[in-house]
Student: 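Got a structure for you, written out below as structure tokens; questions coming shortly.
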Amino acid sequence: MKKFIRSYYLILGLVISCLSQSCTMQSGKKGGSEDSTEFKGVIKLDVRDSKADWGPYTPKAAPKGAPNVLFILYDDTGLAAWSPYGGRINMPTMQRLAANGLTYTQWHTTALCSPTRSCLLTGRNHHLNGMASITETANGFPGTSAVIPKACATMAQVLQDNGYSTFWVGKDHNVPEQDVSPGGSRAQWPVQMGFDRYYGFLGGETNQWYPDLVEDNRFVEQPYSPEEGYHLSKDLADRAIEMLRNKNSTNPSKPWYMWWCPGANHAPHHSPKEYIDKYKGKFDDGYDAYRVWVVDQMIKKGILPKNTALTEINFLPKDVANPADYVRPWSELSDDEKKLFSRMAEVYAGFSEYTDAQVGRIVDYLEETGQLENTIIIYAADNGASGEGSPNGSVNENKFFNGYPDELKENLKYMSVLGGPDTYNHYPTGWAAAFSAPFKMFKRYAEYAGGTNDPLVISWPKGIKAKGQIRHQYHHAVDIVPTILDACGIQMPEVYRGVKQYPLSGVSMKYSFDAAPDAPTQKHVQYYAMLGTRGIWKDGWKAAAVHAPLTNKGHFDKDEWELYNVAEDRSESKNLAKENPGKLKELIDAWFEEAEKNKVLPLDDRAAAQLLTIERPAAEPARDRYLYYPNTSPVPEGVAVNVRGRNYKILANVDITSPDASGVIFAHGSRFGGHALFIKDRKLYYVYNFLGIEEQTLVSNTTLKPGKYTLGMEFTREGAGQYGESNGKAKLYIDDKMVAEGPMKTQPAKFTLSGDGLCVGFDSGDAVSRNYKTPGTFKGGTIQLVGVTVEGKPYENLEAEARRALMGQ
């Protein structure tokens, strides 16, 4: 009997199943008519609305003298990190722009990236945009759908329709997880959201040395390797300049808008070593000392009032606090821990400055080409410093998302290579608290300024008379779109492409360009809500519910509310709830009013691993068996087969034509978490790389000669470990013969937050195993297909089914 296994009937069955399911799927319609059920808050448009434009698209000319706009948006950066605000991280380009423009001290965000970016994209509050949290945590409620509704037209769409060229370079993280897919809907991708061109990564983070890249509407591979000098920040600057040059070569009079969003300062913190070494020893005094030092510097620079108090660390009650966000006192660390934690801060600083240097290349290009004078440059960050590194820091941030602790002994092994391709590092929570000083907490905490108060510098030589000044007006991310439209002389339409629009949630900040530093703000109220945390600012007062994110504790009705007069107490250090219960009640009532208007409820504080593994609707229904083919783009994890916490099998039909055949048959993930089936030295390998800690390896006890084979493996889950990992046994097969077996454990959550997708015939991006180098392309034969099954049948049953398919040919 031949040993080459074809899967004709398996494929046929899947096709019939998919056709059957697609015929029964309905999209809210019955009997050919739309479901007439009405929901509170849904905008209904009368098709007879005279303002609705149903005719052919006719672009308008831009207003005369309209400025260009360059918006630079960093990730995960607190107010106390950068030099223009008094921090130790040198940012020459930002400092140059601040000296020629304005530095804002009370500009706020949502406390998390996807939600903030949605505000900056549309000018509406993040729940109106469906972005209650990051896209990976969507749960189906209107405010948490991760789908920007048509009632929230983007600023890019409006600018595009008014004669602007529009470009988006870098991070997106506003595409629904199921649509980050080569075959998925492109409706929420940048080009469909009003941008003429796009180059960057769609997910929440990516490896800076081996990024997951998209150009316009297609996935692409990086242009060259780290050994050849590649780093994502440099690549993004190259592409930005290229896009502007191309536009100017044909349409030099046309104004442009560019949103430039690097991977910095989000983990992984990756930087060329020469930039890291610039900070050697500069953080040796530790994060506790840094907080004291930096607040003094911020006061001297006029960023903070003279009476600003430094808030306490670890102030949350034990029954409220999330242990993963605890800050270990610097004085209690061992010498090894101090060295490691200091180096992690050096890497972060190097990453930030290196990226600022790439921004400088773009600014230099604008100056050299005479465009700088009439270009509004906005330089900002999307939330406070990140606490995802846990109290001990991490050489692999994915441990946090898997609820798996870091160990000092493991992390110390990577001291000399931190920031390089061998690590996916993130500093400990202590540095998050330090870089968000003087405020309480950091990223994800929306009730305190540590999560929301972020850097913002605006430069516009032609439009802002004041140079090098500070502005203290209170503002929020939703105010940026009104500001840009105001400066460009363009209005957000009431009806856009036939859909009545939600009003803009923010107010224009243009009044502040030539106002006094302490002139009254024109904003009056702003709610906050993130991962179960919540607060509200209103006319100088702030109410904050004492709650920690991602704790899965619930009981929101029992949360204590605090009250702060932030007009006088910038760091939110003095709780006035007992002294002024009437004002507190007023603000709590206002929070619920804003929550009702903005689709905030219900609240959700489930743990990261729970949120990231919610079962969600998808274009393709979940199934027991998946087929994958060679020569295709990587399949993102959000739409790939889910092998977490269950039995699974991988089978590949392979025709080996050379005795030296080698390379990857199947791979998913990276060296920081993933698994791969491959051939090396004529032997079959299966590696499950558990969170970068251990490459669990099975190697066949026989060699492979030319011929046709079914190669595969089987994992049988036997129970759960201490942190939710699955413990069990893995077996390796060549045809129906078991050629290796051994114990194995698998991750409880995803291999990555995004990127490093499933591949057949190669391993895109970063290699899963040290046994081969990226891309590890399969050579010396042909891979017909790879099947992955997560049904509960034993391996032999699938083998027999495949053999029956061959016999039926």
Student: Does the Lys NZ or Arg CZ of Lys745 fall within the cation-pi geometry relative to Phe690 - under 6.0 Å from the ring centre and within 45° of the axis?
Tutor: yes

Student: Is Lys339 paired with Asp335 through a side-chain N to carboxylate O contact shorter than 4.0 Å?
Tutor: no

Student: Check the angle between the aromatic planes of Phe435 and Tyr348 and answer parallel, tilted or perpendicular using the 30° and 60° thresholds.
Tutor: parallel

Student: List in chain and number order the residues that pass salt bridge (Lys or Arg N to Asp or Glu O under 4.0 Å) with Lys278, two or more places apart in sequence or in another chain; answer none if no residue qualifies.
Tutor: Glu353

Student: Hey, is Lys440 close enough to Glu312 for a salt bridge, meaning N to O under 4.0 Å?
Tutor: no

Student: Can you name the nearest heavy-atom pair linking Gly765 to Glu221, along with the distance?
Tutor: N-OE1, 4.4 Å

Student: Under the criterion side chain to side chain donor-acceptor pair (under 3.5 Å), which of Asn207, Asn396, Asp422 is the partner of Arg671?
Tutor: Asp422

Student: Measure from NZ or CZ of Arg88 to the centre of the six-membered ring of Trp293, then state whether that distance is under 6.0 Å and the direction lies within 45° of the axis.
Tutor: yes

Student: Taking salt bridge (Lys or Arg N to Asp or Glu O under 4.0 Å) as the test, write out the residues that go with Lys171, two or more places apart.
Tutor: Asp75

Student: Tyr445 and side chain to side chain donor-acceptor pair (under 3.5 Å): which single residue from Thr452, Asp325, Asn322 fits?
Tutor: Asp325

Student: Hydrogens and angles aside, do Asp605 and His547 bring a side-chain donor and acceptor to less than 3.5 Å of each other?
Tutor: yes

Student: Should Asn383 and Asp76 be marked as a side chain to side chain donor-acceptor pair (under 3.5 Å) after you check the CA-CA gap, both sets of side-chain angles, and the distance that decides it?
Tutor: CA-CA 5 Å; Asn383 49 241; Asp76 293 2; 2.8 Å; yes

Student: Kindly write out the residues that satisfy side-chain contact (heavy atoms from CB on, under 4.5 Å) with Ala767, not counting sequence neighbours, or none if the list is empty.
Tutor: Asp763, Tyr772, Thr774

Student: Is the backbone of Arg328 close enough, under 3.5 Å, to the side chain of Glu332 for a donor and an acceptor to pair up by distance?
Tutor: no

Student: Which of these, Tyr427, Phe283, Trp330, sits in a side chain to side chain contact (heavy atoms under 4.5 Å, CB included) with Phe341?
Tutor: Trp330

Student: Any ion pair linking Arg606 and Asp604 (charged N to carboxylate O, less than 4.0 Å)?
Tutor: yes

Student: Consider ring-ring contact (aromatic ring centres under 6.0 Å, His included). Of Tyr648, Tyr626, Phe751, Tyr628, which one does His668 pass it with?
Tutor: Phe751

